[in-house]
Amino acid sequence: MHQSVITPVSIVETRGCKFVIFDAPNDANLPMYLQELTKLSVAHVVRVCDPTYGTRPLEEAGIEVHVRDLARCLSRSLRAGLAVP
């Protein structure tokens with residue numbers, strides 16, 4: 001079952017950058033997330049979860065979608081003794 005409403009987003013601002021953190025949308029509720037992302041002037045989305053939505057609507061709205069392998073990123077940081085990104 002797909003959720004029909006979105007969980008409120010969290011906003012973190014640091015060093016002149018703003019990060020919007022949100023749950024993984026699905027194709028059914030992506031338009032609601034897209035509306036919120038557009039309102040917040042989001043230009044990039046970094047997907048760190050398994051794909052649950054198509055990226056075309058975001059790209060058509062001018063939002064670049066980047067895919068990150070979170071497990072690999074965390075593993076690399078921990079091995080290097082760095083803070084987790």
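Here the side chain of Asn29 pairs no donor or acceptor atom with the backbone of Met32 at under 3.5 angstrom. Judged by distance alone, with hydrogens and angles left aside, the side-chain atoms of Asp27 form a donor-acceptor pair with the main-chain N or O of Gly54 at under 3.5 Å.
A 4.5 Å side-chain heavy-atom check between Lys18 and Val12 finds every atom pair outside the cut-off. Contact annotation: the side chain of Phe19 never approaches that of Glu13 to less than 4.5 Å [non-hydrogen atoms, C-beta and beyond]. At a threshold of 4.5 Å between non-hydrogen side-chain atoms, the residues Val9 and Ile21 do not count as touching. Side-chain contact between Arg47 and His66 is absent, with no heavy atoms from C-beta onward closer than 4.5 Å. Taking 4.5 Å as the limit, every side-chain heavy atom of Tyr33 sits out of range of all side-chain heavy atoms of Leu58.
The minimum heavy-atom distance between Pro25 and Leu30, with the atom names listed, is CG-CD1, 3.9 Å. Closest approach of Asn26 and Tyr53 over heavy atoms only: C-CB, 3.9 Å. Residues Ala61 and Leu34 come closest through the heavy atom pair CB-CD1, 3.8 Å.
Comment: Arg56 does not engage Glu59 in a salt bridge, judged by the lack of any side-chain N to carboxylate O separation of less than 4.0 angstrom.
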The test is side chain to side chain donor-acceptor pair (under 3.5 Å); show your working for Asp23 and Thr7 and say whether it passes. CA-CA 7 Å; Asp23 285 341; Thr7 304; 2.7 Å; yes
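One distance of note links CD1 of Ile63 with OG1 of Thr38; it measures 5.0 Å at 0.5 Å rounding.
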